[in-house]
Structure formats: structure tokens, C-alpha cells
Amino acid sequence: MITQYTSRVFVFVILALLLNASPVVASFHFARVVEVFSGSNEHPNAQYVVIMAYSDFQSQFNGVEVTVYDSSGSQLVSLGTMTQNLPSNTTNQIPILIATNTARTVFGIVPDHTATGALPTDGLVCFRKAASVPDCVSFGAYTGVTTVGGSEAGSPAASVPSGMAYVRDLGGDSTLQALDDSNDSSVDFFAGVPSPGNFAGARVSNISVDGNVTLDWGVSTVGGYTIHKTDNPATVRLSTPVAGIAGVNWVDPTPNQFPGLSCYVVKP
């Protein structure tokens, strides 16, 4: 027989189970670094790190710090420390941008946190809150320790050409998942076109030319050279312009020859 007392206990147990099953307190642990840009020859201070969560309810970023280590593993001034939580618990696949003021100008995108530190050309970056370190990434000629707070970065990602970023390989579905982090940066990251995005939904992916023509912000590879297309060399040029390459139709126009459209080449 079910008594009134038994019914109350049953209801209490059900409510407790529901509360425990609900993500009442959001966190930041199910997130990874997906892009690192340590500047270019022409814009050495245009630097940023993009973090992304692979789950919702990962919004507790107040106090999350991006720590930085030089090529030998010595800790430098942090790139920055977030001072507020994300504005929404809908966080799955949404980028979080920590960028310098120069990167904001160069890429024309507002960061979620303005960086006060700097990134080395070769080094290691982690994001953490106190002793909790969800992810670290090593890159370039890094020779220091690769484990910080239990997070393993592994062998460094190969150095990228000037103007390129370290981009995490998200696989064929282009979706960040836990398995996209193998704890080996040399496997997880490749040289890619910078495409910073912020939590508000802005992302550098297409460029408008003369207000009515859109070019994909992508690359073409001819003869081992990587060709970037830009519309404003005064602000978004990321590599030294060249006059052209034999057998390639791309040229570097003078500022007045083809207003609003320029092409730049990065040597491998």
C-alpha cells in the first residue's frame, strides 16, 4: 500500500534526480582552443586565440585566463583574463575571441575580451581557471614542457607561414568534438587562413569588394605558393606583396591600378 509518507518520499526523490540531471551550474571544461594567430610580418601585434565549446552550458568564463609560454617553456605575461561570463548558456560550436587591439583593427571584429599580453612566434598557450586547465596547444619551435595542470599539448604544431594561423582540424563534419583533441598539437593543428569569430556571431570569412562583389576569404595554391585575396591592403594585408609569379595570373596591382582588390602571396 502506498502511504502519504511514501508518496512524499517518492516525489522528493524524483525532484532530486531531475535537479541533478539538469545543468544547473554551467562550466567551461568542455571547450578547446581552435585557433591561434601570433601575428604576421606586417602586423606582428595582430594576435588572437579562439576558444570553442563542444557542448552547451559552458558559459562560466569569468576568471578564465589564457596563459602563455615562450619557446623554452618559461611562462610569460598572460594574453588576458576574462572578466565576465558568456551572455548565454547556448555555447555549443560558438567561438570565443581573445584578441589584441591591433587584431581588432586588422580583422575588423570585436573580441569577447581584449588581450593585454602577447603571443610568441613559438610557444605554448593554455586556458585555465586556477588549477583547472582544459586545453593547451604547443606550436612552432617549442621545446618546453607540454603538460600543464594535467592538460597535454604534445608535440608542437609545425610553424606556419607569415599571415597564416594555427587551426584545429575538426574533421570532415567541421564540428568540434571531444575526439578532435588527441593531445598532440602536431596532429590536431594545421596552417590555415585566419578566420577569427566572436560569441556575438561575427566572423571573418568573406570580404566585400566595392560594396557589391564578394570574394571568399580563402587561399589558392599554385606552384607551392599560397595566394591570399584581400580588398584593403592598408588594413588586412597579412603578407608582403609581390609583383607576380611566372605562370600565375595573379598580380600585385599598384594602389590605383585596381582599387579595392589586391592579391598577396605567402612563400611556403
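Treat the numbers as computed from the prediction; the structure is a model and nothing was measured.
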Answer yes if I94 and F61 sit in the same cluster of Ile, Leu, Val, Met, Phe, Trp and Tyr residues linked by side chain heavy atoms under 4.5 Å apart, and no otherwise.
yes
According to ring-ring contact (aromatic ring centres under 6.0 Å, His included), does anything in residues 163-200 pair up with another residue at least two apart or in another chain? List the pairs.
F139-Y166
Going by distance alone, is a donor N or O of one side chain under 3.5 Å from an acceptor N or O of the other, for N89 and S59?
yes
Applying salt bridge (charged side-chain N to carboxylate O under 4.0 Å, His left out) as the test, list every pair that has at least one member in residues 115-130; sequence neighbours left out.
none
Is I109 reachable from F37 through a run of hydrophobic residues whose side-chain heavy atoms are each under 4.5 Å from the next?
yes
If you look only at pairs with a residue in residues 92-108, which of them pass as a salt bridge (charged side-chain N to carboxylate O under 4.0 Å, His left out), with sequence neighbours excluded?
none
Testing V66, N62, I96 one by one against M82 for a side-chain contact (heavy atoms from CB on, under 4.5 Å), which residue passes?
I96
Under 3.5 Å donor-acceptor, S38 side chain and L119 backbone:
no
Indicate yes or no: at least one non-hydrogen side-chain atom of L124 is less than 4.5 angstrom from one of V148.
yes
Between S132 and P134 the two heavy atoms that sit nearest each other are O-CD, 3.6 Å
Tell me, please, which residues at least two apart from T116 pass side-chain hydrogen bond (donor to acceptor under 3.5 Å, both in side chains).
none
Once you round to the nearest 0.5 Å, how far does CZ of F28 lie from OG1 of T91?
13.0 Å
Sorted by chain and residue number, the side chain to side chain contact (heavy atoms under 4.5 Å, CB included) partners of D188 (sequence neighbours excluded) come out as R168, D181, S182
Can you name the residues that form a side chain to side chain contact (heavy atoms under 4.5 Å, CB included) with T100, not counting sequence neighbours?
Q47, T102, A103, A115
Test item: L79 and V125 side chains (from C-beta on) under 4.5 Å apart, heavy atoms
no
Taking V36 as the starting point, is it possible to reach Y142 by hopping between hydrophobic residues whose side chains are less than 4.5 Å apart?
no
Residues two or more places apart in sequence or in another chain: which of them pass side chain to side chain contact (heavy atoms under 4.5 Å, CB included) with A200?
N198
Point-to-point distance, once rounded to the nearest 0.5 Å, from CG of D180 to CZ of R32:
10.0 Å
Sequence neighbours excluded and cut-off under 3.5 Å, please list the side-chain donor-acceptor pairs for residues 48-55, or say none.
residue : atom : partner : partner atom : Å
Y48     : OH   : E35     : OE2          : 2.3
Y48     : OH   : S195    : N            : 3.4

Qualifying residues under side chain to side chain contact (heavy atoms under 4.5 Å, CB included), relative to T121, sequence neighbours excluded
none
Answer yes or no: is there a donor N or O on one side and an acceptor on the other, between the side chain of Q58 and the main chain of N92, under 3.5 Å?
no
Are V34 and F30 connected in the hydrophobic side-chain network, where two residues link if heavy atoms are under 4.5 Å apart?
yes
Hphob cluster co-occupancy, L176 + L97, side-chain heavy atoms under 4.5 angstrom:
yes
So, the side chain of T175 versus the backbone of L170: is there a donor-acceptor pair under 3.5 Å, distance only?
no
Any pair with a residue in residues 67-93 that passes ring-ring contact (aromatic ring centres under 6.0 Å, His included), sequence neighbours left out, goes on the list, sorted by first then second residue, please.
none
With sequence neighbours excluded, residues passing side-chain hydrogen bond (donor to acceptor under 3.5 Å, both in side chains) with S88
none
Table please: side-chain donor-acceptor pairs of residues 149-160 below 3.5 Å, with sequence neighbours left out.
residue : atom : partner : partner atom : Å
S151    : OG   : C136    : N            : 3.2
E152    : OE1  : T147    : OG1          : 2.3
E152    : OE2  : T146    : OG1          : 2.6
E152    : OE2  : G154    : N            : 2.6

